[in-house]
Chemist: 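Take this structure first; my questions come after.
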Amino acid sequence: MAENVHFQLERMLPDLEALERKGLFSKDEIKAIVKRRTDLEYAIHRRISQCADYLRYIEYEINLHRLCKKRRIRLGLVPPQDKKNAKGDAALVRETKAAVKLEEAILKRVEALYSKALKRFPGDLELWNQFFEWSRSVGRNKTLGRSFARAIQVHSTKPTIWIMAAGWEFEDKNNINNARILMQRGLRLNRYSQFFWHEYFKLELMWLEKLRQRRIILFGDDGTPSANPAKPDDLTQVDDDDRLSDNEIGPGDASAPASLSSVDDEDASPNDPVSIPEMDAERGLERSRLEMDPTLAASLSQDTEELVAGERMRSIPAPKADSEGSVETDGDTSKQFEKLTPIQRVLTEVAIPRAIYRNAIREIPNDLAFRLGFLKLYQRFGEKETAMGREELLASLKADFGSNSEAISVIAEVNVFGVETNSPEFPARLKKAVSYYEQGLKNHPSTDLRRRYLSFLATTLSAAVEPHLREYLRICLRRARAAAHSENQSTPSMYLEWAKGETSEAQAAGGAREERGDEEQQSRKRQKRDATERTPSEEAQQFLELGLSRFPTSGELWSARLQFICINSKSDTVETQFNRCLQSLRPRSAMISGNLATSTEATTHPIEDRLQVWTTYLRWMLDASTPGKITPAFIARRFIQSLTPTEVGGSDVHEAPIVSMYLHWSFEQGGIEKVRNTYDHLLGLRQRGVKVLEMFVDFEEKEFEEASGQAGRLKTAAARLRRLYDCCCDTTSKRVDLWMRYIEFEFRKMKDLGKATQLYWRAAKEVTDKTDLSVRYEALKNSL
């Protein structure tokens, strides 16, 4: 190992001496570099080296390269910006070139370290990704081509590697054909990867978008050639957003002269593809349907520059899409397309993405979410630009998922996607969406589809501003709600949403009217309003009544109904309604309209439903604005009644919220003495759970803190705390945190070390995790 380390260090000596001569590093800094590299070399040459050792070495070399580059620029070792005066600065160019070569040596060392690490840990995908990102950041294209080929041979069934390689070919090298070859070859081995299909689809849409932008540069928006059209050679240049500042020129920079470019890449051709020999996984496989698709086979010979060169004539406007996304044509479609230029034909037909979609659904035929992923990608790249593709996709959804509620919802809502509610075309599109929803409910009625329809109408109503549009949506919403109730396509949560939506929609409409200032118009409408018309609050209560008639054992509905009555009714009415709630939520088999309930929403746990109703009722009683007949004694009786086993008692989890309300109310009524009477009474009735007992402890600890300096109060609080802590530990003897809380009280508050020690030995016999107890106990002693 030592021989290998010294051999590597000896190879570094010429570069280190040159760095010192150029003044980039001092003698002491060179010694520090040698020492650090020696330690890192020994780490990676160990018999059992770790990936982290290589990563530390790589990070050090990358930081060293950055520092070297900054110092070179600071010393003025940059080529002259004026090429006419470059000959007069030949010495500066030579010095700069020599400094750049020293930086290049550091980059080569980083590359060599990555290569060694990847040979030792070829299965580490994260390491491969880091290497690819670094190589792209420093512009080492030749290295990337070889590395992608190696990675794909090792991880041929990992779509991420194929996609990264294709993305590099398309984005960095501007070679769509090589990217297509990689995608199609990767899909041959990963034909069931949904992510892979979506990425290939997105690649082709990105190519179409790039082609569309080039056409705009060449011909302008109106189809006429621009005054200074870009040359085809200029159009092939990829935008370089990663260029450094004017004075920062380094290896691989786009702004560096050819003589200063990366030595590694000086012989690299920009069109060299990622060359992958035939792999073992490919042997014996027949050509996939994707590779035999005529459209995709033709795309491998379809080049961007050929299409640009074929754009000879003046641009002809492409066929427009109507509001449904269908392509409008005048006369024979084939004749219309014959008039298009090559680029217009490719952009209008969207042929390659459509072919990918057809092949994808053949491989993965019965996955709706997979198909909707393609639709989302179409929508990202524009409605009119992808009209033919979207039309084909929606047709396949109708054919294969015609009865699926999600598919019906998507097909209906695609009519209004991307259109603002204040757009002139929105009403017509909205009517088409509503019509498709209603037709779907007629042919394939279901609760889920009804829920989606109602949600769509409510969401659209909340976004709409125009009065006539809002009135139309309200009518549709009322009709849909009535149908959901009458046709038994509703759930308890639906009725709650309707009640909340009615109230919030009325509030929003009132605020909008105030902003518009149309008080006179609203006054006339109010005068014409029928005296029997219900207010929003009455509408909400009506929805809750309808829900309870359908789901009489729903705690959510009863609680919401009780909340409305508490706000708008007298105490006698609230008491009557509350007793109705309790009677309906007694533990028994839930019957709905004479049929046994099968819905999970209709057969929730009765104790949870009763807890919800009791919480609403008790909060109403404790409200300061509650009118007169309710006395403290009556409230206390109600609290005790709520904690009986027939209501919410018997479960520590369900008792805790009500006990917390009871204790806080007691404290407001009579301070700590009232609280003590309350929990003494509760403990006298039956044993309580540890969660409730901890609430009692919290009140007594607060009293202990406030009683500082008062011996009588401290003694009483301490005695009660010890009694409560003993009760807690007897109830749950396995909890380390509970024992430690008791021990800490004796240590810190009572200063009784003997009692604390006794508690520790008691706890050691009870708890399961004795190590945790010991560690916490020692930490507590050391902190004193």
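Everything numeric here is computed off the predicted structure, so don't read it as measured data.
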Chemist: If we only count heavy atoms from C-beta on, is the Val350 to Arg390 side-chain gap below 4.5 Å?
Modeler: no
Chemist: Run the salt-bridge test on Arg180 and Glu169 with the 4.0 Å N-O cut-off and return the result as yes or no.
Modeler: no
Chemist: Given 3.5 Å as the limit, does a donor-acceptor pair link the side chain of Ser115 with the main chain of Ala112, or not?
Modeler: no
Chemist: Evaluate the criterion side-chain hydrogen bond (donor to acceptor under 3.5 Å, both in side chains) for residue pair Glu383 and Tyr378; output intermediate values, then yes/no.
Modeler: CA-CA 7 Å; Glu383 179 183 5; Tyr378 270 140; over 6 Å; no
Chemist: Treating His45 as the side-chain partner and Glu41 as the backbone partner, does any N or O pair qualify as donor plus acceptor under 3.5 Å?
Modeler: yes
Chemist: Looking at side-chain heavy atoms only, is the closest gap between Glu392 and Arg358 below 4.5 Å?
Modeler: yes
Chemist: Checking Trp162 side chain against Ser156 main chain: does a donor-acceptor pair fall under 3.5 Å?
Modeler: yes
Chemist: Check the pair Arg56 / Glu59 against salt bridge (Lys or Arg N to Asp or Glu O under 4.0 Å), numbers first and verdict last.
Modeler: CA-CA 5 Å; Arg56 277 193 292 269; Glu59 183 182 8; over 6 Å; no
Chemist: Using a 6.0 Å distance limit plus a 45 degree cone around the ring axis, check whether Lys119 lies over the aromatic ring of Tyr114.
Modeler: no
Chemist: Under 4.0 Å between a Lys/Arg side-chain N and an Asp/Glu carboxylate O for Lys781 and Glu778?
Modeler: yes
Chemist: Counting C-beta onward and ignoring hydrogens, is there a side-chain heavy-atom pair between Leu368 and Leu397 closer than 4.5 Å?
Modeler: yes
Chemist: Any salt bridge linking Arg371 with Asp367? Criterion: basic side-chain nitrogen under 4.0 Å from a carboxylate oxygen.
Modeler: no
Chemist: Is a side-chain N or O of Ser135 found less than 3.5 angstrom from the main chain of Phe132, in a donor-acceptor match?
Modeler: no
Chemist: Do you know which two heavy atoms are closest between Ser49 and Arg120, and how far apart they sit?
Modeler: OG-NE, 2.7 Å
Chemist: Any side-chain heavy atom of Lys210 sitting closer than 4.5 Å to one from Asn174?
Modeler: yes
Chemist: Flag the pair Glu391 and Arg354 as a salt bridge only when some basic side-chain nitrogen lies within less than 4.0 angstrom of an acidic carboxylate oxygen.
Modeler: no
Chemist: Evaluate the side chain to side chain contact (heavy atoms under 4.5 Å, CB included) criterion for residues Glu95 and Leu75: first the C-alpha distance (whole Å), next the side-chain angles of each, then the deciding distance (0.1 Å), finally the verdict.
Modeler: CA-CA 11 Å; Glu95 290 293 323; Leu75 292 172; over 6 Å; no
Chemist: Is it true that a side-chain atom of His155 and a backbone atom of Pro122 form a donor plus acceptor pair closer than 3.5 Å?
Modeler: yes
Chemist: Quick check: closest heavy atoms across Pro14 and Glu10, and the distance to 0.1 Å?
Modeler: CD-O, 3.8 Å
Chemist: Give, for atom CG of Leu9 and atom CZ of Phe7, the distance between the pair rounded to the nearest 0.5 Å.
Modeler: 11.0 Å
Chemist: I need the minimum non-hydrogen distance between Glu103 and Lys69, along with the two atoms involved.
Modeler: OE2-CA, 3.3 Å
Chemist: CD1/Ile356 to CG/Leu187 distance, rounded to the nearest 0.5 angstrom?
Modeler: 8.5 Å
Chemist: Relative to the ring of Phe374, is the ring of His198 parallel (under 30°), tilted (30 to 60°) or perpendicular (over 60°)?
Modeler: perpendicular
Chemist: Can you give me the closest heavy-atom contact between Glu29 and Phe25, atom names plus distance?
Modeler: OE1-CA, 3.3 Å
Chemist: Quick one: does Glu363's side chain get under 4.5 Å of Gln194's, heavy atoms only?
Modeler: no
Chemist: Could you check if a side-chain atom of Glu204 sits within less than 4.5 angstrom of a side-chain atom of Met183, using non-hydrogen atoms only?
Modeler: no
Chemist: From Leu372 CG over to Gln379 CD, what is the distance, rounded to the nearest 0.5 angstrom?
Modeler: 9.5 Å
Chemist: In terms of side-chain geometry, is the basic nitrogen of Lys101 or Glu104 positioned less than 4.0 Å from the acidic oxygen of its partner?
Modeler: no
Chemist: With a 4.5 Å cut-off on side-chain heavy atoms, are Arg72 and Lys22 touching?
Modeler: no
Chemist: Please check: side-chain N/O of Asp53 versus main-chain N/O of Gln50, any donor-acceptor pairing under 3.5 Å?
Modeler: yes
Chemist: Could you walk me through whether Ile163 and Tyr200 pass side chain to side chain contact (heavy atoms under 4.5 Å, CB included), step by step?
Modeler: CA-CA 8 Å; Ile163 292 166; Tyr200 185 21; over 6 Å; no
Chemist: Checking Trp197 side chain against Arg191 main chain: does a donor-acceptor pair fall under 3.5 Å?
Modeler: yes
Chemist: Does Glu385 reach the side chain of Leu208, with side-chain heavy atoms less than 4.5 Å apart?
Modeler: no
Chemist: Using the ring of Trp128 (Phe, Tyr or Trp, six-membered ring only), decide whether Arg150 places NZ or CZ under 6.0 Å from its centre and within 45 degrees of its axis.
Modeler: no
Chemist: Any side-chain to backbone donor/acceptor pair from Ser193 onto Phe196? Under 3.5 Å, distance only.
Modeler: yes
Chemist: Checking Tyr57 against Glu61 for the side chain to side chain contact (heavy atoms under 4.5 Å, CB included) test, could you report, in this order, the C-alpha distance in whole Å, the side-chain angles of both residues, the deciding distance, and whether it holds?
Modeler: CA-CA 6 Å; Tyr57 200 169; Glu61 292 294 336; 3.3 Å; yes
Chemist: With rounding to the nearest 0.5 Å, note down the distance linking CD1 in Ile361 to CG in Leu393.
Modeler: 7.5 Å
Chemist: Might you work through the side chain to side chain contact (heavy atoms under 4.5 Å, CB included) test for Ile33 and Tyr60, ending with a clear yes or no?
Modeler: CA-CA 10 Å; Ile33 292 172; Tyr60 175 76; 3.6 Å; yes
Chemist: Can you tell me how far the NZ atom of Lys376 sits from the CZ atom of Phe381, to the nearest 0.5 Å?
Modeler: 15.0 Å
Chemist: Using modelled atom types only, decide if a donor and an acceptor are shared between the side chain of Arg11 and the backbone of Gln8 within a distance under 3.5 Å.
Modeler: no
Chemist: Answer yes when Glu111 and Arg140 have at least one side-chain N-carboxylate O distance shorter than 4.0 Å, and no when they do not.
Modeler: yes
Chemist: For Arg136 and Gly167, which heavy atoms make the closest approach, and how far apart are they?
Modeler: NH2-O, 4.5 Å
Chemist: Verify the distance criterion only: is there a donor paired with an acceptor across the side chains of Lys158 and Asn190 at less than 3.5 Å?
Modeler: no
Chemist: With rounding to the nearest 0.5 angstrom, report the CZ to CG distance, Arg380 to Leu375.
Modeler: 12.5 Å
Chemist: Please report the closest heavy-atom contact between Leu377 and Leu205, naming both atoms and the distance.
Modeler: O-CD1, 3.8 Å
